[in-house]
Enquirer: 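Okay, handing you the structure first.
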Amino acid sequence: MAAIIELENLSKHYSPTIIGVDDVSLTVEDGEFVTLLGPSGCGKSTLLRMIGGFEAPTHGSIRLAGKDVTWDPPYKREVNMVFQDYALFPHMSVGENVGYGLKTLRLSKGEIATRVKDALSLVGLYDKVNQRPQQLSGGQRQRIALARAIVRRPKVLLLDEPLSALDAKLREQMQIELKHLHEKVGITFIMVTHDQTEALVMSDRVVVMESGRIAQEGRPQDLYDHPASPYVANFIGTTNFLPGTSGATQGRLTHVEAPGTTLRAELDAAPPPGREITIGFRPEKVRVLAETESAENTLSGRVAEVIYYGLGLRVAVELEGGARVFADSLLPDRLAQSVLPQIGQSMRLAVAPHNVFVFEGRVAP
Ligand SMILES: Nc1ncnc2c1ncn2[C@@H]1O[C@H](COP(=O)(O)OP(=O)(O)OP(=O)(O)O)[C@@H](O)[C@H]1O
Ligand SMILES: [Mg+2]
């Protein structure tokens, strides 16, 4: 595959102290769906706006399909951006809204009509071509905004929080629809979101940002299974952290001292013994042990809190060493009151060695 976008050491310093984006290098392949993910203020929109040409970088370069476009205005880039407030013109029909962006392209009336029809058909709304935006639902208006962006057939579509205005149900539905749309049109998509589930569901590749920089990038399951730092481990999914010390390594298994217990972690690269480390494991990888059950890597404590969330239970367990960890378990389809853990009862947990993360240093995320 060919690179469609190449960012090289790209920075945007709004002032000496306000840093939007800091030294980002990133290559996006033609046809890829890449998501920029991170908390508020980490620089996602700034990076997207620089790619679109709406913000000038203070350092670095942007190449689009092999051509340097760093100083080109938006209209000279084969890139289109869907802004968060996808304002449609209320006095125009759906068809006119979608066709509006084609006016500057000097196309014939017939060609415009065909393109509008194609774009609206792609988002499944050609039957609304003569309606006004205010006659449509929020999700339909969102899709019209998408049709308006793809009608010019850009090489790259930039989407800044495109689903943030929608309710949870519609949002879930649109995530799948947008993913299908991406597969159908073959355009490169770069989307911004702060919703990790959305990023995992939709993207070929996720770029996690932290304070203007790339914290880690990779395929969704690689980020989930191999987070490079506590920051990523806690931004993609939830992770329990314990302070620890590394011990001896035998083969792929490394002993790690945690408060009140010793665990074994299966690691690709083990730290030398005696180092301060942070141990991590996900609540959904923790198994609650039955009273007589024995297992490798056990943690003992008392139930501090029980959170019911329909699909399952999340139990907060206060470990003997004082730390608190979460353990998730799915519920049987009929819940007997007697199986619910009681606050204060003792509980033993187990986590398999291949589900134990080890990070250098004692950094709290
Ligand atoms: N026009 C501007 N002038 C000065 N500082 C700005 C400007 N735009 C953004 N910033 C600052 O740059 C940083 C990154 O902002 P940006 O809008 O890129 O964040 P974001 O990741 O998109 O956040 P959000 O999820 O809240 O939209 C923030 O600290 C922000 O205050
Ligand atoms: Mg933003």
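Heavy atoms only: backbone and side chains are in, while hydrogens, waters and symmetry mates are out. Indexing begins at 1, ligand by ligand and atom by atom, following the structure's order.
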Enquirer: Give yes if a backbone or side-chain nitrogen or oxygen of Gly41 is under 3.5 Å from a nitrogen or oxygen of ligand 1, and no if not.
Expert: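 Indeed, backbone or side chain, Gly41 has an N or O that close.
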Enquirer: At less than 4.0 angstrom from any non-hydrogen atom of Ile18, what atoms of ligand 1 do you find?
Expert: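 In order of numbering, the contacting atoms are 5 (N), 11 (C).
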Enquirer: Before signing off on this row, confirm whether Lys44 and ligand 1 have an N or O atom pair separated by under 3.5 Å.
Expert: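 Checking ligand 1 against Lys44, an N or O pair does fall under 3.5 Å apart.
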Enquirer: Using a strict cut-off of less than 4.0 Å between a Lys/Arg side-chain nitrogen and an Asp/Glu carboxylate oxygen, indicate whether Asp72 and Lys67 qualify as a salt bridge.
Expert: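 Answer for the salt bridge query: yes.
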Enquirer: Are Arg324 and Glu305 close enough for a salt bridge, meaning some N to O gap below 4.0 Å?
Expert: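 Here Arg324 pairs with Glu305 in a salt bridge, since their nearest N and O are under 4.0 Å apart.
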Enquirer: On a heavy-atom basis, I'd like to know which of Pro39, Ser211, Ser45 is closest to atom 27 (O) of ligand 1.
Expert: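 Of the listed residues, Ser45 has the closest heavy atom.
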Enquirer: Relative to ligand 1, is Arg49 under 4.0 angstrom through side chain, backbone, both or neither, heavy atoms considered?
Expert: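 It is the side chain that touches ligand 1; the backbone stays farther off.
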Enquirer: Should the proximity of Thr46 to ligand 1, defined as any heavy atom under 4.0 Å, be assigned to the side chain, the backbone, both, or neither?
Expert: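 The answer is both.
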Enquirer: Are any of the side-chain nitrogens in Asp328 or Lys285 under 4.0 Å away from the carboxylate oxygens of its partner?
Expert: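 Between Lys285 and Asp328 there is no salt bridge, as every charged N stays at least 4.0 Å from the carboxylate O atoms.
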Enquirer: Count the heavy atoms of every other residue, nucleotide or ligand shown that sit under 6.0 Å from NZ of Lys76, and state whether that count exceeds 12.
Expert: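 No, NZ of Lys76 has 12 or fewer neighbouring heavy atoms, counting only those of other groups under 6.0 Å.
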Enquirer: Return the CD1 to CG distance between Ile236 and Leu200, rounded to the nearest 0.5 Å.
Expert: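 Nearest 0.5 Å value for the CD1-CG distance: 5.0 Å.
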Enquirer: In terms of ring plane angle, is the pair Tyr231 and Phe235 parallel, tilted or perpendicular, where the classes change at 30° and 60°?
Expert: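 Rings of Tyr231 and Phe235: parallel, under 30°.
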Enquirer: With heavy-atom distances below 4.0 Å as the criterion, list the atoms of ligand 1 near Gly20.
Expert: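 Selected atoms, number and element: 12 (O), 13 (C).
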Enquirer: Is Gly38 close enough to touch ligand 1? Criterion: a residue heavy atom under 4.0 Å from a ligand atom.
Expert: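 Checking ligand 1 against Gly38, which is what was asked, there is no heavy-atom contact under 4.0 Å.
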Enquirer: Quick test of your reading of the model: are Arg152 and Glu78 salt-bridged, counting only N-O distances below 4.0 Å?
Expert: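 No, this pair does not count.
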Enquirer: Do any of the N/O/S atoms of Ser40, backbone or side chain, fall under 2.8 Å from the Mg ion (ligand 2)?
Expert: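 So Ser40 does not count as coordinating the Mg ion (ligand 2).
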